[in-house]
Amino acid sequence: MMKVLTSDWNSSKAQLMFVRKQVFGIEQGIAAEDDFDHQDASAVHFVSFGTTAVPTGVCRLTEQGQIGRLSVLPNYRSQGYGKMLLRKAIEVAREMGFKEVFLHAQVEVQVYYEHFGFKTDGKIFFEAGKPHVNMIREI
């Protein structure tokens, strides 16, 4: 049984930090100061779970309508957790009155987001030392 909980930074800080440290810090070598920022406190956060209390993935939606920090632990990838997190973030953005959402996708996962209707101008920029593209989706 897979589920996604909508939360906030204070309520889910331990789970959010656990997943993001594993994926962005350990796996991708991104410095903590490039991952954890001032937007965490005000963002809506999403945490996915499987059959245990261990989080499988996380995502956030900022006050500006940016979906970000989508990450799924390696053992849970290709099982639908990322899709669930992304769909939940889009659903909540719609409920909040956003007409569009945007994200900064690492270049190697751009095609993943295109499957969900995100479009890009193709201009590459660097964020946290990694090549990214800006992607937008109307909702």
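- Taking 4.5 Å as the limit, some side-chain heavy atom of M135 sits within range of a side-chain heavy atom of E114.
- The side chain to side chain donor-acceptor pair (under 3.5 Å) contacts involving residues 116-127 comprise H104-E127, where partners must be two or more places apart or lie in separate chains.
- Grouping the Ile, Leu, Val, Met, Phe, Trp and Tyr side chains by contacts below 4.5 angstrom, directly or via other members, places V109 apart from F125.
- Exactly one of D37, D34, D35 qualifies for a salt bridge (charged side-chain N to carboxylate O under 4.0 Å, His left out) with R20. That residue is D35.
- Residues F118 and Q110 fail the side-chain proximity criterion, which asks for heavy atoms closer than 4.5 Å.
- Atom CG of L70 and atom OH of Y113 lie 4.0 Å apart (nearest 0.5 Å).
- Distance CG/D40 to CZ/R60: 4.5 Å, rounded to 0.5 Å.
- Rounding to the nearest 0.5 angstrom, the gap separating the CD1 atom in I139 from the CD atom in E100 is 8.5 Å.
- Side-chain N or O atoms of T56 include none that pairs as donor or acceptor with a backbone N or O of G50 at under 3.5 Å.
- Shown here are the side chain to side chain contact (heavy atoms under 4.5 Å, CB included) partners of T6, two or more places apart in sequence or in another chain: V44, F46, K88, V92.
- For the atom pair N134 CG and I124 CD1, the distance stands at 12.5 Å (nearest 0.5 Å).
- The backbone N or O of S11 sits nowhere less than 3.5 Å from a side-chain atom of S7 that would complete a donor-acceptor pair.
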Return a table of donor-acceptor pairs under 3.5 angstrom between the side chains of residues 71-85 and protein atoms on other chains or two or more places apart.
from: S71; atom 1: OG; to: R69; atom 2: O; distance (Å): 3.3
from: R77; atom 1: NE; to: V72; atom 2: O; distance (Å): 2.8
from: R77; atom 1: NH1; to: E27; atom 2: OE2; distance (Å): 2.9
from: R77; atom 1: NH2; to: E27; atom 2: OE1; distance (Å): 2.7
from: R77; atom 1: NH2; to: E27; atom 2: OE2; distance (Å): 3.3
from: R77; atom 1: NH2; to: V72; atom 2: O; distance (Å): 3.0
from: Q79; atom 1: NE2; to: N75; atom 2: O; distance (Å): 3.0

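- Residue pairs that meet the ring-ring contact (aromatic ring centres under 6.0 Å, His included) test with at least one member in residues 10-42, sequence neighbours left out, do not exist here.
- Evaluation of the side-chain hydrogen bond (donor to acceptor under 3.5 Å, both in side chains) rule for Q28 yields Q106 as partners, not counting sequence neighbours.
- Proximity of Q15 to H45: side-chain heavy atoms (C-beta onward) are nowhere separated by under 4.5 Å.
- No continuous path of hydrophobic side-chain contacts links I26 to L16 [ILVMFWY only; heavy atoms under 4.5 Å].
- Through direct or indirect side-chain contacts shorter than 4.5 Å among Ile, Leu, Val, Met, Phe, Trp and Tyr, F102 is connected to I136.
- Cluster annotation: M2 and L5 are assigned to the same hydrophobic cluster (Ile/Leu/Val/Met/Phe/Trp/Tyr, side-chain heavy-atom contacts under 4.5 Å, transitive).
- If you take OG1 on T51 and NZ on K3, they are separated by 8.5 Å, rounding to the nearest 0.5 Å.
- Other residues, nucleotides and ligands contribute at most 12 non-hydrogen atoms within 6.0 Å of the CD atom of E138.
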